[in-house]
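Values below: every heavy atom of this structure, side chains too, minus hydrogens, waters and symmetry copies. Within every chain, numbering begins at 1; the chains are lettered A, B, ... in the order of the sequence lines, protein sequences first and strands thereafter.
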Protein chains: 2
Amino acid sequence: MNARTPTLSLAQPALYEQVAEQLRSKIFAHELKPGAWLDEQALAADYGISRTPLREALKVLAAEGLVVLKPRRGCYVTELSEQDLDDVFPVMAILEGMVAQEATRRVTSTNWRNLCAIHNELEQTAAANNVDGFFDANQRFHTALKDIAGNRYLAQLIDDARKLLKLTRRDSLRLSGRITQSLAEHREILAAIEVRDENLAGQRMHDHLLSGRAALARLASTNR
Amino acid sequence: MNARTPTLSLAQPALYEQVAEQLRSKIFAHELKPGAWLDEQALAADYGISRTPLREALKVLAAEGLVVLKPRRGCYVTELSEQDLDDVFPVMAILEGMVAQEATRRVTSTNWRNLCAIHNELEQTAAANNVDGFFDANQRFHTALKDIAGNRYLAQLIDDARKLLKLTRRDSLRLSGRITQSLAEHREILAAIEVRDENLAGQRMHDHLLSGRAALARLASTNR
DNA sequence: ATTCATAATTATGGATGCAGTATTATATGG
DNA sequence: CCATATAATACTGCATCCATAATTATGAAT
């Protein structure tokens with residue numbers, strides 16, 4: 001192995017991957033709404049590329065569940081039903097619970113300080129009623145736990161599930177009182193980690209996720 | 001909607017899907033071994049098709065984790081490390097545990113009779129030391145539970161994980177004594193379902209999967 | 001003989017072109 | 001005026017072709 005052949009290729013990702021990422025952003029931003037048809041040649045022309053890499057990108061997105069490919073009929077952005085949410089959320093709750101459990105087992109003093117730092121941001125953004133800041137810190141808290149848990153497969157599944165859930169633009173944190181409740185739940189989770197009670201931490205994280213689902217359901221019923 | 005436009009298209013799957021399925025079989029049969037390079041034009045020539053649908057199939061397999069795509073360097077069958085197995089198995093144990101729990105909650109008398117019928121096959125094939133028969137009935141038992149649980153997302157994750165595990169040809173059931181132990185565990189799971197103790201059923205299924213992992217690990221150490 | 005540089009070969013990534021099927025528009029009959 | 005049949009259009013799916021990067025083979029120099 002010499003300097004000329006970088007095995008850890010920092011090479012730019014393939015074109016189809018770049019396109020897939022662009023499309024993901026468009027889907028998450030609801031620039032491409034659920035149910036919308038993806039016009040291959042229009043998109044290809046848009047990006048100034050041919051249909052070949054674009055179609056490969058669509059295959060990837062289909063595997064992630066973000067779009068559905070109807071043979072001979074084209075590609076459409078996935079529409080999540082309430083039933084789908086009811087299927088995905090409990091699974092995600094279990095998986096996030098497992099992360100919390102595993103992380104509690106493996107947490108070091110360095111990790112712990114980092115978690116506390118992020119939690120402080122949660123406290124402060126919540127006090128300032130800064131929803132976006134809370135959302136961001138919340139995301140980083142869960143990411144930090146995944147890193148501590150150290151199970152790449154588990155982390156992958158959770159990331160995939162989160163991508164799916166992003167298809168619904170609804171955000172439970174915008175529900176009145178939800179931030180306060182979410183913060184309280186986080187405090188309890190952190191407390192369980194502090195005393196190294198892995199089962200309790202797992203259980204509380206699990207319930208935390210389901211509590212988020214319930215909030216989302218309330219949001220759905222008020223929004224109609 | 002008229003007879004001319006079958007919305008439930010029974011149309012044959014796209015070529016890239018057929019190819020993906022063919023390749024999956026080859027990978028599972030270890031005709032294509034972990035680490036092996038997939039020669040695009042050779043395979044395309046083999047199937048008598050062009051490289052385009054073949055490459056689309058490879059994207060799908062990559063998303064499933066069965067192959068890895070190295071930019072500008074080609075496509076290789078995924079090699080699972082022991083670490084990967086240690087990551088995947090606990091997750092699968094959790095998921096299968098959730099299936100058992102959910103199925104216990106929803107099982108009907110009809111379901112129950114079906115489960116018992118399959119379990120009887122387990123008993124008989126085990127008594128006859130029919131490993132392949134036991135393997136098959138075992139598969140159908142788990143599938144039946146997934147159907148009863150009725151969570152499509154959960155079922156999908158488990159199927160994906162099982163595909164990954166098929167990359168290792170090792171089969172814990174071939175380990176001496178494993179069938180007897182597996183059968184005993186199944187009996188306990190069934191008993192928990194019978195008394196509708198969902199938590200116990202989930203716990204026992206979880207442990208059953210981990211017991212399978214342990215057997216696999218023993219197999220790995222004896223095989224070297 | 002071994003190592004490095006250079007040339008030839010080969011494979012991947014992407015673009016273009018074409019056939020077949022879905023969809024839409026048009027026309028004809030009731 | 002509406003429904004059905006037919007024609008026109010448009011898009012998907014696949015094949016072929018080309019450019020570029022990677023690998024291998026060849027040759028020269030130490």
What heavy-atom pair brings Ile118(B) and Ala137(B) nearest, and what distance separates the two atoms?
->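 Distance-wise, the nearest heavy atoms are CG2-O, 3.5 Å.
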
Identify the two heavy atoms, one from Ala201(B) and one from Ala100(B), that lie closest to each other, and give their separation to 0.1 Å.
->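 That would be O-CB, 3.8 Å.
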
[X] [atom1] - [N] [atom2] separation (whole Å):
X        : N       : atom1 : atom2 : value
Leu54(A) : dG13(C) : CG    : C1'   : 15 Å
Glu40(B) : dC17(D) : CD    : P     : 17 Å
Glu56(A) : dT12(D) : CD    : P     : 16 Å
Lys59(B) : dG13(C) : NZ    : C1'   : 9 Å
Gln41(A) : dA10(D) : CD    : C1'   : 8 Å
Leu15(B) : dG20(C) : CG    : P     : 15 Å
Arg55(B) : dA11(C) : CZ    : P     : 14 Å
Tyr16(B) : dG13(D) : OH    : P     : 7 Å

Does a side-chain N or O from [X] land closer than 4.0 Å to OP1 or OP2 of [N], or not?
X        : N       : value
Trp37(A) : dA10(D) : no
Ser50(B) : dA15(D) : yes
Arg72(B) : dT20(D) : no
Arg73(B) : dA11(C) : no

Side-chain donor/acceptor of Arg51(B) to base of dG13(C), under 3.5 Å =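 Looking at the base of dG13(C), it does pair with a donor or acceptor on the side chain of Arg51(B) (distance under 3.5 Å).
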
Give a yes or no on whether Arg152(B) atom CZ has more than 12 heavy-atom contacts from other residues, nucleotides or ligands under 6.0 Å away.
->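 Atom CZ in Arg152(B) is not packed in, count stays at 12 or less.
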
Whichever of Gly48(A) and Cys75(B) has its nearest DNA chain C nucleotide further upstream toward 5' =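 It is Cys75(B) whose nearest nucleotide is closer to the 5' end.
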
CG-OG1 distance between Asp159(B) and Thr143(B), expressed to the nearest 0.5 angstrom =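 Spacing of CG (Asp159(B)) from OG1 (Thr143(B)) equals 7.0 Å.
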
